[in-house]
Undergrad: 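Sharing a structure with you now.
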Amino acid sequence: MKRALVLFAHGARAQSWAAPFERLREQSQARLPGVQVRLAFLELMEPRLPAAVDALVAEGVDDVTVVPVFLGQGGHLLRDLPQLADGIRAAHPGLHLAVAGAIGEDPGVQAAMTDYCIRALG
C-alpha cells in the first residue's frame, strides 16, 4: 500500500496566503518520510483536490487521507468536500479515500490555539 496525506485548504487570491499551509505541508512531510504529503485547495488556487488526488493515483498511491485545514465544519466541509470525495471515489474505484474532520475541531489543535491566544495577551 502506498499512502498519501493531502492537506486541504480553502484557497485565496493572494499567493502569500498559502505560505503557512506550505510550511505545514513541509513539516508534515519531514515527519512522514514514507508518505507523500501534498497541499490542495477548494478554490482560487491550484492544485484543486481532484487534480491533486489524480496525480497521486498516477504515481501509484492507493490510500489517501484528506485533512481539511479549516477551523470548523462550515458549508464547504459539509457540502463541497463530500461531493468532491464522491467524485474522486467514482473516478478511482480502487482508491481508499479517508476524510478527517476539520483540523480546528481537534482538541489538541484547540489547546495549541488557546495557548497562542493567552501568550498574545502578554
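Heads up: numbering here begins at 1 and tracks the sequence. Side chains are part of it too, since the values below use all heavy atoms of this structure and drop only hydrogens, waters and symmetry mates.
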Undergrad: Heavy-atom distance under 4.5 Å between the side chains of L56 and V6, does that happen here?
TA: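 A side-chain contact under 4.5 Å exists here.
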
Undergrad: May I ask you to check whether over 12 heavy atoms, not counting those of R48, lie within 6.0 Å of atom CZ?
TA: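 Yes.
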
Undergrad: Measuring only between side-chain heavy atoms, which start at C-beta, is L44 closer than 4.5 Å to W17?
TA: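 No, every pair of side-chain atoms sits at 4.5 Å or beyond.
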
Undergrad: Measure the shortest side-chain to side-chain distance between L81 and L49 over non-hydrogen atoms and say whether it is less than 4.5 angstrom.
TA: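 Yes, their side chains come closer than 4.5 Å.
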
Undergrad: Supply the atom-to-atom distance H76 NE2 to E43 CD, rounded to the nearest 0.5 angstrom.
TA: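 The distance works out to 5.0 Å.
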
Undergrad: Can you confirm whether L71 sits close enough to M113 that some side-chain heavy atom of one is under 4.5 Å from a side-chain heavy atom of the other?
TA: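 Counting from C-beta outward, L71 and M113 do come under 4.5 Å.
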
Undergrad: Within this structure, what is the CZ-CD distance for the pair R79 and Q73, rounded to the nearest 0.5 Å?
TA: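 It comes to 12.0 Å.
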
Undergrad: Distance check, rounded to the nearest 0.5 Å: D63 atom CG versus L97 atom CG?
TA: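 These two atoms lie 9.0 Å from each other.
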
Undergrad: Do V64 and V57 have side chains that get closer than 4.5 Å, going by heavy atoms?
TA: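 Side chain of V64 against side chain of V57, heavy atoms only: no contact under 4.5 Å found.
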
Undergrad: Look at the side-chain heavy atoms of Ile, Leu, Val, Met, Phe, Trp and Tyr, link any pair under 4.5 Å apart, and say whether F70 and V53 land in one connected group.
TA: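 They do share one cluster, since a chain of ILVMFWY contacts under 4.5 Å joins F70 to V53.
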
Undergrad: Roughly how far, to the nearest 0.5 Å, is the CZ atom of R31 from the CG atom of L5?
TA: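 These two atoms lie 11.5 Å from each other.
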
Undergrad: Quick check against the 3.5 Å criterion: does R38 have a side-chain atom that pairs as donor or acceptor with the backbone of A4?
TA: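 Side chain of R38 to backbone of A4: no pair is present.
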
Undergrad: Side chains of D62 and H92: is there a donor and an acceptor less than 3.5 Å apart?
TA: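 Distance-only check fails for D62 and H92.
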
Undergrad: Kindly compute the distance separating CD (E59) from CG (D54), expressed to the nearest 0.5 Å.
TA: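 So the gap between those two atoms works out to 11.0 Å.
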
Undergrad: Quick check for you: to the nearest 0.5 Å, what is the distance between K2 atom NZ and Q36 atom CD?
TA: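 It comes to 5.0 Å.
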
Undergrad: With no hydrogens and no angle check, is any side-chain donor or acceptor of E26 less than 3.5 Å from a backbone partner on F21?
TA: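 Not at all, since once roles are kept as given, no pair shorter than 3.5 Å links the two residues.
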
Undergrad: Can L95 be reached from L7 by stepping across I, L, V, M, F, W or Y side chains whose heavy atoms are under 4.5 Å apart?
TA: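 Per the 4.5 Å side-chain linkage, L7 and L95 are not co-clustered.
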
Undergrad: Does the pair L42 and L84 meet the rule for a side chain to side chain contact (heavy atoms under 4.5 Å, CB included), with working shown?
TA: CA-CA 9 Å; L42 174 66; L84 290 168; 3.9 Å; yes

